[in-house]
Amino acid sequence: MPSRTSDVLVIGGGIIGLVTAWRAAQQGLATAVLDPEPGGGAARVAAGMLAAVTELHYGEQTLLALNLESARRYPDFAAELTEATGQDLGYRRCGTLAVALDSDDRAGLRELHAFQQRSGLASEWLSGRECRRLEPMLAPGVRGGLRVDGDHQIDPRRLAAALLTACERAGVEFHRTPAERLDVVRDRAAGATAADGTALAAERVVLAAGSMSGRLAGVPAAALPPVRPVKGQVVRLTVPGPLAPFLSRTVRAVVRGSHVYLVPRENGDLVIGATSEEMGWDTTVTAGGVYELLRDAHELVPGITELPLTETLAGLRPGSPDNAPLLGPSALDGLLLATGHHRNGVLLTPVTGDVLAHVLATGDLPELARTFTPARFGAAVLTEQPV
Ligand code: GLY
């Protein structure tokens, strides 16, 4: 049976779908979200590093600009969300230390430092001794490191919970059931049919279903985002009260070619992540994945072996062909995309909400998001067609 028509239907209630819905509702648009478990998704697994500078990769300078802009917006975004909900987001401006364990790692980190400096980014080279003065739990063998005071962290579970509350308070309607298919009428997205058979009509639809975005039935091939699941396993330890602070900031390294990071939360959680695996839809936590994370983290911070292991989890990043998100109108009229955030979903949450709200309210994709139009992977448009 059809329910009332929304201005905007967001398919997917992870942090990207929720921030889009919240911002759309703030624009006065009647907004609905379709998701069996809003507030879930990859944010349940993510460590929540806001690491525009330490996660800089060659070939991703365009993405860097968007990452930095979102990092710049984070303080105001977090303050507004906390004000709207009364909820603490675990936003910690604690900085990050990227360290090297041997001479090869150190050469790699030196190169990253030079690249950061050429890109105008703030980071400071430290000797091994200086690293250990900052973080006394580091292994004695640490050979040097990069101090990046601007790379912070947020607790993604708290972020998701707060966005859910903010949406509810802003009048967003929730349909807690999976999406069955996109509904298309006369070559235009017209809503979606839920798994329980409910038809949800909408003037515009935003597809923000993370790694699932690439396989929603009913989306024409030309508009289907080229998004794939990239598995990430994480381990959580707990630092008992009297031991805190075990680490005062995020510590990370590349060990034997794999990235490992340790993110200490104020509540005593220590999140260790993450594998990066092309395993399709598999979300099994494997002995090998956990072993490698603990082995690499132990080389950086030997004392972790004393801590209780409280959780192991695997999630799916929505990977895109260039590791950057797809934002804005798709090749199908009325269908917009907010997906493909890959390693940067938590970092890009503020800017994604602003970009999608702008395009939904005005029809135009803002300048800073034009490089991230779905058009770069095929036919699409920069401007919403009138209804
Ligand atoms: N940005 C951290 C990760 O994707 O593992």
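Counting starts at 1 for both ligands and their atoms, following the listed order.
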ask   = Is the Lys NZ or Arg CZ of R176 less than 6.0 Å from the centre of F174's six-membered ring, within 45° of the axis?
value = yes
ask   = Mind checking whether I11 and V206 have side chains closer than 4.5 Å, heavy atoms only?
value = no
Beyond-backbone contact of V255 with R295, side-chain heavy atoms, under 4.5 angstrom = no
key: V172: which of L18, V33, V8 passes side chain to side chain contact (heavy atoms under 4.5 Å, CB included)   =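 Between V172 and the candidates, side chain to side chain contact (heavy atoms under 4.5 Å, CB included) is satisfied uniquely by V33.
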ask   = When you look at R265 and D155, which way does the salt bridge (charged side-chain N to carboxylate O under 4.0 Å, His left out) test go after all the steps?
value = CA-CA 8 Å; R265 300 236 194 280; D155 184 335; 3.7 Å; yes
note = Distance filter under 4.0 Å, heavy atoms only, around ligand 1 gives M49, E55, Y261, A274, R317, R343
request  = I would like to know whether V263 and L270 meet side chain to side chain contact (heavy atoms under 4.5 Å, CB included); could you show each step before the answer?
outcome  = CA-CA 6 Å; V263 182; L270 182 65; 5.9 Å; no
